[in-house]
Amino acid sequence: MREAAPPVLSLKGVHQVFGTPRGDVPAVAGVDLEVRPGQVLCLVGESGCGKTTSARMAAGLAAPTAGSVLFRGRDVAAMDKHERSVFRRAVQYIHQDPYASLNPVRTVYSTVSAGLRRHKMVKDRHEARRAVTELLERVDLTPAEDYLDKYPHQMSGGQRQRVAVARALAMNPEVIIADESTSMLDVSIRVSLLNTLGKLRDELGVSFLFITHDLAVAKYFAWDGEIAVMYLGKVVEHGPTPQVVNDPRHPYTRALVSAVCEPDPDLARTKERVRLRSADIPDLTDLPPGCDFHPRCPLYAQGACDTLRPPLVPSHDRLLACHVVTGE
Amino acid sequence: MATEIAASPPPGAGDATSARTDAPAPPLRRIWNHYAVVKVRKALVVVFVVANVTFFLGRAMPGDPIDVMAGRLTQNGMTMEEARAVAMNSLAYDVDAPLHQQWWDFLVGLVTFDMGNTINRPGVSVMDAIGAYLPWTLFSIGVGTVIAVALGLALGMVMAYRRNQFLDHVLSVAASVLGAVPNYLIAMVLVVGGGMYLGWFNPIELRGTVSPGVQAGFNLEFIGDAFFHASLPILTYVLAIIGTWMLVMKASTTEVLSEDYVTVARARGLRDRRIAVAYVGRNAVLPLVAQIAISFGTLVGGAIFVEQVLVYKGVGGLLLDAVNYRDYPLLQGLLIIITSCVVAANLVADMLYSRLDPRIRD
Amino acid sequence: MAVTTAAPGVGVWGAIWQGITRSTSGFVGLCLVLSVLLFSFVGPLLIETDNPTDVTKIWGPMTSEHWLGTNHEGKDTFIQLVLGGREPIWVGLTAALITVAIAVVLGSLAGYLRGRVDHFLLQLTDITMTIPFIVLMLVIASFYRAASPLMVSLIIGLVTWPYLMRSIRAQVLTLKEREFIEAARLQDLGTARIVFVEVLPNMAGYIFINFIIAITNAIYAVVGMYLLGLLPSTAANWGLMIQQAWDNNAFLLPQAAPFLVAPMVMIMLFQIGLVTMTRSLEQALNPRLRDR
Amino acid sequence: MTDHPAAPAAGKAPAGGPAEGALLSVRGVDVGYRTGRRTRVTAVRDVSFDLYPGQSMALVGESGCGKTTLGLGLLRLLPRTGVVSSGEILFRRKDGRLVDVRTLAREDLRRFRWNEAAMVFQGAMNAFNPVLRIEDHFLDTFRAHEGGRRRPRKEILEQSADLLTTVRLDPARVLGSFPHELSGGMRQRALIALALALKPQLLILDEPTTALDILTQRSIVERLAELRDELRFAMVFITHDLGLAAELADRVGTMYAGRMIETGTTRDIFYRARHPYTSALINSVPPVAGDLTVPQSLPGGPPSLTALPPGCSFAPRCAHAVDACSHTRPTLDVLRTRTEGLSHAAACLRTHELLEGATRD
Amino acid sequence: AGGDRASSGATRFTGVFDYDLDSQTRNVHVEDGALLLNSVYKDLFLCTGGIYNWRTHEWDYLLLEGTEWDGDNLIVTLRSGLRWSDGTDLTSDDMIQSYAMRVLEAPVWGVGFPQVQELEQLDAVSVRLGFDDPFPNIERSIIKHRIVSKTTYADFGERAVQMVADGVRQGDDEHTEFNAEFIEFNPDEIICSGPYRFDPEQMSDARITLVRNEEGYQGTEVLFDEVVIHKGDNRQSALLVQQGEVDYSTLAPSAADQQAFQGVEGFTWIEHAGYDGCGLMFNYAAKPELQDVRVRKALAHILDSDTVGQVARGEGYTRVEHYAGLVDLQAEEIFTADELAGFERYDQDLDRAAELLEEAGWTKRDGVWHTSEGEPASYEIIGVAGWGDFELTSTQVEEAWNDFGITTTARNVPQDNPWGIWGAGDFEVAVRHWGNPEIPDYWGAFQMNFLLENSGTEESPGQSFDLNVESPSQGEVDLAELVEVAKQAETEEEQTEALKTMAIVFNELLPRIPIWTYKYLAPAVEGVRVQSFDKEHPAANNEQYQDNHVILSLIQGDLAPVEE
Ligand SMILES: Nc1ncnc2c1ncn2[C@@H]1O[C@H](COP(=O)(O)OP(=O)(O)OP(=O)(O)O)[C@@H](O)[C@H]1O
Ligand SMILES: Nc1ncnc2c1ncn2[C@@H]1O[C@H](COP(=O)(O)OP(=O)(O)OP(=O)(O)O)[C@@H](O)[C@H]1O
Ligand SMILES: [Mg+2]
Ligand SMILES: [Mg+2]
């Protein structure tokens, strides 16, 4: 693993348990993650594995039931009002649904400038408009003037998502948490938005906690960064992107990678597939003993798998949580 | 006010469960926290609070029963002292009992389901007085609600199926008009227009709840007679709320019609009637179940007007009397019983809803 | 039922205006309401309002001098009709304002803050809602021997808020979870601003619709209270006219009937106008009700 | 509901008769929606294709280009405001008769649906009536299509259980459940089982896996492929996901702004796309396998249906557009003729000029 | 159904009253609140001792044979052979028990029973009431007392007789205990003594049919087989009359009803004399300028009683002539025409009003009258919501005073407890009754005018009218004392003297302004079921609810059904 600057944002053993009528749901069960300056950390995994929950804790939108979230080494829970507001602004969040994340009754200008005005980052309306124009240009909404006075419903999904990014950028964030920010967009638009985000990362040095279930997107966007694969609230494989995607080790990661449909008919037909023992994900309220993945795992072997929960340990140039693979 | 129907969310809407529940509960605790039990508990609390509110509200009104009766007597020239003495002699109300004493008696009565005797009708117990009136109100409102809801649902569905066609336009206008006219005006129009000018019926014959000599009992004559006499109030209630039900049902059906499962059902080649009943109708009615109870509750309030206008013997007039004569026990009894009925209706609706909608069965 | 504004590029008020004027029924409703308002507020400026008692004309027939005949005091019914709209309409408006104001403030507080406040307010609404509101009004009204219109509005407003409060709370609850509100929180915009600038405008259409509904309910209530003789009578007013006509059996005399019928018709027209307006507004503002 | 048979296409002559042996011949179909009292949009224009038994055809394209509309139009399932305004939808029924779906009478149409052609919907989450159990859905479906004899409940449930087993669901658990008790993947599979219940000849799948997660998607894709081998039904497969098309389809049709702009075998489309839009779509998808490849973005979005450009509707976004493109509407020209509807055709004025640049072999 | 003619050919008399079948008590002894006992039809099933003739001051005895004074003792004798509807004999047992119960509950300040010291059963038909200090007319309330059945009341009756003998009276602990039980007592049926009785089969909440009580007094003499009483309030009763369903109703019809009735076949008015009227009552504490008699007179002169009366009551009023505090009918009985000619009249006379006000130091500026203090005069006048004639009187006064330049606002108070408001002096000017229909003895009117709502106590100051007045002609007078004299003086002459003084003082000082007197117009229908009503009945001046002459003639068999 590349050693780099100290992390801006880190999760230390965070847990999140939701109480529901059916029982407690341990949505996140002990996750450690670190986002380093200017780097991308990509979180992938099946639906319901706790990606969003982790991201929300990282953004301070939810408090972990156990563990802590550190911003520049300070525990967010222990912050005072001022620190907290600095943290709030430094860590911005971009939602998945561009149709829900913009207030339908506010114009683009009003949406993007709200934070600027509130925090007195601009002096007057004139300056605010200029600042917003710059931000819009930064996210490739040009000519920016055309967009200033538009309402969300007058824009396409891609454009809306760009406005959401501009709004986040207005706070001069150090970290942007993007939760499936591209998954609702058409393929054709997805790439250009990813490119825009990439530009921010490269030019402004913004760090990303990037969440997706699309391995292809993860690979493209986080090629220089790291990928953490989550399963049922825990990280099962964590390492540099090229290694994890091109040479997955954990059986779950392998299944994920092999399950991807390639836009290439010949490859699709020849590709080797990992066959899971069961297609259905277990219920979070009723987790299997031992390794969470063992009921579906193709590598399942009698022994440790169904009794002992595998710890996340360094192995094969990355962190892995699998008795079988780490034991090789 | 039937229009409030439109504004109320279906039960449970928007209440995301976020609170953490405690560790596995012991059986008693589980029953205590069971959905139905929680509802009943809440309902009891509401009734209890309402009971207390009515106790103090009543007594906060200016004047007490003795004052009021004495006043009435002095109208004919008795001196105030004389009148008060007469009033005290003939009313079962002890002016000297301190408030806390009265309250205590009231609470004891509440728990033992004994609301005491009315003040102004000495010797008549509150329960008897209410018992003589409430059934008629409940009967007319109940039948009215059932008819209005059933018809309204059916017509609303027809409107939704035929929306933007001629029939829908006609029915929509009719429904809006009906929904806009206060129930007492409807009653007046019925009596004056239908009875007096058009002569469709003789309002004199319809007066009262049953014809003399007809014995209460489960026989055709009595039931027929009761319906005959209640026909105007029932018609009024039906007209007063059916418009709202039509529109609400139209909206609800319109929404359901655009649900995927309806399209899928059509794709599956199901018969239209089956789709209309089991797929569209049932789902469209679901969110409205709770509103039936609300509409019932508002009707109980509106009954005061309607019964007054139509001279139908129900709790409306009794309530007015109780207020006017400061008949505290009667007032309390009435309010408690009326609220209990409304609360019970809500409860039934809740239960029914949870029976009908598997999604919230737990 | 959630209402979201979706008309293109016109803002909330534009959407409301379009919602009313674009559909035939909404437009007719608006016209009805406007004509009743004109009749009641401009009318008194245009006619001779002096309406003396004339015992020689008690229950006079309709003539060119007295368009709608005369009443039990020999006063001109038409003049009374013109003068009689102001009070119920004012009461309706102010009561609706009070209802909506209470409901919006408490509803958004309860919905946004949750917790104890929410719990308490919900319990309060539960209780207020179960006592039939006419009954509550009956009791409260007997406290005041000479209730002014403002007092009446206040009573109505204080009794009718829970329904609206609950649905506003429910809406705030869902809106609060909406992502754009979360985004606003991430921008550290402050609770007050979030509630009043981000959340409430999204319900403006809904609140407006309920404001109109509240007006109809308030008018329903005042007139009803007059009918029961619960309100002390002061000035000429439709509710009072109906009550007097009804109590006097005016309909028994053909020439007296206008005294009963005319105010009834005015009230019905006003109510129908308001209701049709709200219906078409709902249609326009709630995308789920639109034809798909 | 537009269950009334439409008048036979007026004005526009359908492009040729039904193809020999085709299961489904779509000829010049237009689908419109009423949007206001007097306004309407045409969401699908002049679409024609033939589908042969056992074939699997993918319809791809950006959001809003009319894929779902076409799919619904084929079964006359459009919402009230939608109508197939012209063209023919010829279908060869199990008894060999050729019918035009557009003119089927009400009862006939009802019996046609699901029995001959079933559809799995986009967002199958809501495909089941929330207040009925899964078994009731099966019962309803079978009962609606049975002849005079009423089959016993037990027999139907047994058959349903078998069907559920074929999509790898546990019938004991699923049959008695309410829809909300099943996960999205399970519901989708249950719907597929339901779709196959009457052994239809055609299955229309509208984004059957979009809302599902990748592992579930994988298992459904595999099941579908296997079932198709086994039951030999034809498929029209609507998707955003080009990967899925590549994997499941024999042939692909690209739609843009309501028109079919390119059609051909899967290999034609993925390796020799001749329409710049198709290539752009394919190039914008990053692959997982191999080293980092930089996908190309396709900026902008499809034009509004109410303001289509006069010429090629893709021209404003097209990197290769020339003047002519903005006023001449290209026709769907056959580039390579094959039997059974597998010909490669594209609607681009510059197909021949751009031949080299757009292929990826 | 409503008014169907009995197929059996039974003759019927129909009336209307606002009763309440279910919640009204059958404890007829309490009268107020018992079923139908507030109606004029009460004597048909439960007779009093007799009907008082308000003109001749004589008795038409019903159940009683007669009464006789024997010193301080009053001997009351029943007719012999009377029976209750349950078949038991109606004897002095019933009588003494009924009297005893009444004696027990009579408050000391009443007239009649409170003064009874002893009760003694003389024989099967007579009872002796021993008085302490009787005065003229004290026997009236005893004769009017309704005798109730010992079958129903024996328990209470016997106890009461014993308690009276033991000297227990109202307010004593024993009585309080007794009364508490008695109030709760609610027998199932009413045992009747009159010519009609209840038929449980024919009682519904829309109408009650009384059937002939063969056993009862005059049971075989009355000419109608049945009496049907429809339920209806003022409004409803008018509808019933209009439909021709009711032969005789004493509920007040409105002006519109009065006009509408003219179209009813066989319609006629039966006029009942009124012993009270409607007027204005002032709060002298709240509006001190009214203490000047000239101001009061001026205010009276502004009003036109005919306009007010007609608006408020249609035809059902008579204008006030004498302003004597008594209704004119009674004034004319105690004064000679000459004496009355000397009475000042306060008919509408705006010039005189202005003159009087100016004399009192008032000035009119910009069309508005200012009091002698220089303040613009303004009054709030309260009517009672729901009491139509009060509402209309108040608005008419408002209109008249306003037109004259005195700012006035009329306002109605809720009808549930106007007495509380009046008694508490919570008003400036109130529309209020004057005169008294309850007490045929003339003093009743003055007790109402002067004493009621004028207690002068802190919590109920009422009018705050000082009863020690200075009269121009009578000098200093204590009105409170005079009322007592008029009521309880040993001789009728003394009583009349006091009355006359009070009437003159009232006329001079006008402490209240009488505006109009009630004239009770009872709609009746002739020729449908009832042949005709006697317009010249000797008891036609009787107060209608207490001593109704139509009912009297029905009981006496003078009212005949239409012959088929
Ligand atoms: N408020 C909540 N109450 C109860 N359970 C919750 C809540 N939020 C999330 N969960 C549960 O926690 C688990 C993790 O949810 P989360 O949204 O973090 O998953 P995810 O990885 O983001 O999934 P997706 O890919 O579908 O977005 C899920 O099983 C979800 O049902
Ligand atoms: N009921 C309707 N009324 C009016 N226009 C409609 C209606 N339904 C769809 N449309 C329009 O028709 C066009 C085609 O829609 P359709 O849903 O067929 O697209 P799609 O290709 O399936 O898109 P997606 O990939 O988003 O599902 C769109 O422009 C859409 O706005
Ligand atoms: Mg998520
Ligand atoms: Mg689609």
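Chain A is the first sequence line, chain B the second, and so forth, proteins listed ahead of strands; every chain is numbered from 1. Computed from heavy atoms alone, side chains included, the values below leave out hydrogens, waters and symmetry copies.
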K.L.:
CZ of D:Arg317 to OG of A:Ser188: how many Å apart, nearest 0.5 Å?
P.N.:
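Reported value, rounded in 0.5 Å steps: 5.5 Å.
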K.L.:
Hey, what do you get for CG (D:Leu281) to CG (A:Asp186), rounding to the nearest 0.5 Å?
P.N.:
8.0 Å
K.L.:
CD of A:Glu262 to CG of D:Leu242: how many Å apart, nearest 0.5 Å?
P.N.:
12.0 Å
K.L.:
Work out which heavy atom in D:Ser297 is nearest to a heavy atom in A:Ser192; give both atom names and the distance.
P.N.:
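Heavy atoms of D:Ser297 and A:Ser192 come nearest at CB-CB, 3.5 Å.
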K.L.:
Is A:Ser183 close to chain D through its backbone or its side chain, or both, or neither, when contacts mean heavy atoms under 4.5 Å?
P.N.:
neither
K.L.:
Going by the rule side chain to side chain contact (heavy atoms under 4.5 Å, CB included), which residues pair with D:Glu226 if we only count those two or more places apart in sequence or in a different chain?
P.N.:
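Checked D:Glu226 against side chain to side chain contact (heavy atoms under 4.5 Å, CB included); matches are A:Arg275, D:Arg168, D:Glu222, D:Arg223.
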K.L.:
Between D:Ser63 and chain A, which part of the residue has a heavy atom less than 4.5 Å away: side chain, backbone, both or neither?
P.N.:
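Both backbone and side chain.
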K.L.:
Check whether A:Phe221 gets within reach of chain D through its side chain, its backbone, both or neither, counting any heavy atom under 4.5 Å.
P.N.:
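When you check distances to chain D, no heavy atom of A:Phe221 falls under 4.5 Å.
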K.L.:
Select one option (side chain, backbone, both, neither) describing which atoms of A:Val260 are under 4.5 Å from chain D's heavy atoms.
P.N.:
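Contact with chain D: backbone and side chain both.
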K.L.:
Which bit of D:Gln296 comes within less than 4.5 Å of chain A, counting heavy atoms only: side chain, backbone, both or neither?
P.N.:
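For D:Gln296, the contact with chain A is made by the backbone alone.
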K.L.:
At a heavy-atom distance under 4.5 Å, which candidate from A:Arg273, A:Gln159, A:Arg296, A:His213 has the highest pair count against chain D?
P.N.:
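Maximum pair count with chain D is reached by A:Arg273.
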K.L.:
What residue in A:Val274, A:Val217, A:Val191, A:Asp283 has the most heavy-atom pairs under 4.5 Å with chain D?
P.N.:
A:Val191
K.L.:
Could you grab the distance from atom CG of A:Leu256 to atom CG of D:Leu215, nearest 0.5 Å is fine?
P.N.:
5.0 Å
K.L.:
Could you tell me which non-hydrogen atom of A:Leu215 sits nearest to which non-hydrogen atom of D:Val288, and how far apart they are?
P.N.:
C-CG2, 4.1 Å
K.L.:
If we only count heavy atoms from C-beta on, is the D:Val294 to A:Tyr220 side-chain gap below 4.5 Å?
P.N.:
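With C-beta onward as the side chain, the pair touches.
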K.L.:
Mind checking the CG-CG spacing from A:Asp214 to D:Asp241? Nearest 0.5 Å is all I need.
P.N.:
8.0 Å
K.L.:
Going through the checks in order, is the salt bridge (Lys or Arg N to Asp or Glu O under 4.0 Å) test met by A:Glu46 and D:Arg218?
P.N.:
CA-CA 12 Å; A:Glu46 234 172 323; D:Arg218 165 64 35 207; over 6 Å; no
K.L.:
Are the side chain of D:Tyr271 and the backbone N or O of A:Asp266 linked by a donor-acceptor pair below 3.5 Å?
P.N.:
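A pair under 3.5 Å: yes.
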K.L.:
Please classify the contact between D:Ala245 and chain A as side chain, backbone, both or neither, with a heavy-atom cut-off of under 4.5 Å.
P.N.:
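No part of D:Ala245 comes within 4.5 Å of chain A.
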K.L.:
Are any non-hydrogen side-chain atoms of D:Gln217 and A:Cys261 less than 4.5 angstrom apart?
P.N.:
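Yes. Closest side-chain heavy atoms under 4.5 Å.
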K.L.:
If you count heavy atoms of other groups shown closer than 6.0 angstrom to CZ of D:Arg173, is the number above 12?
P.N.:
no
K.L.:
Restricting to side chain to side chain contact (heavy atoms under 4.5 Å, CB included), what partner residues turn up for A:Pro248, sequence neighbours left out?
P.N.:
A:Thr253, A:Arg254, A:Val257
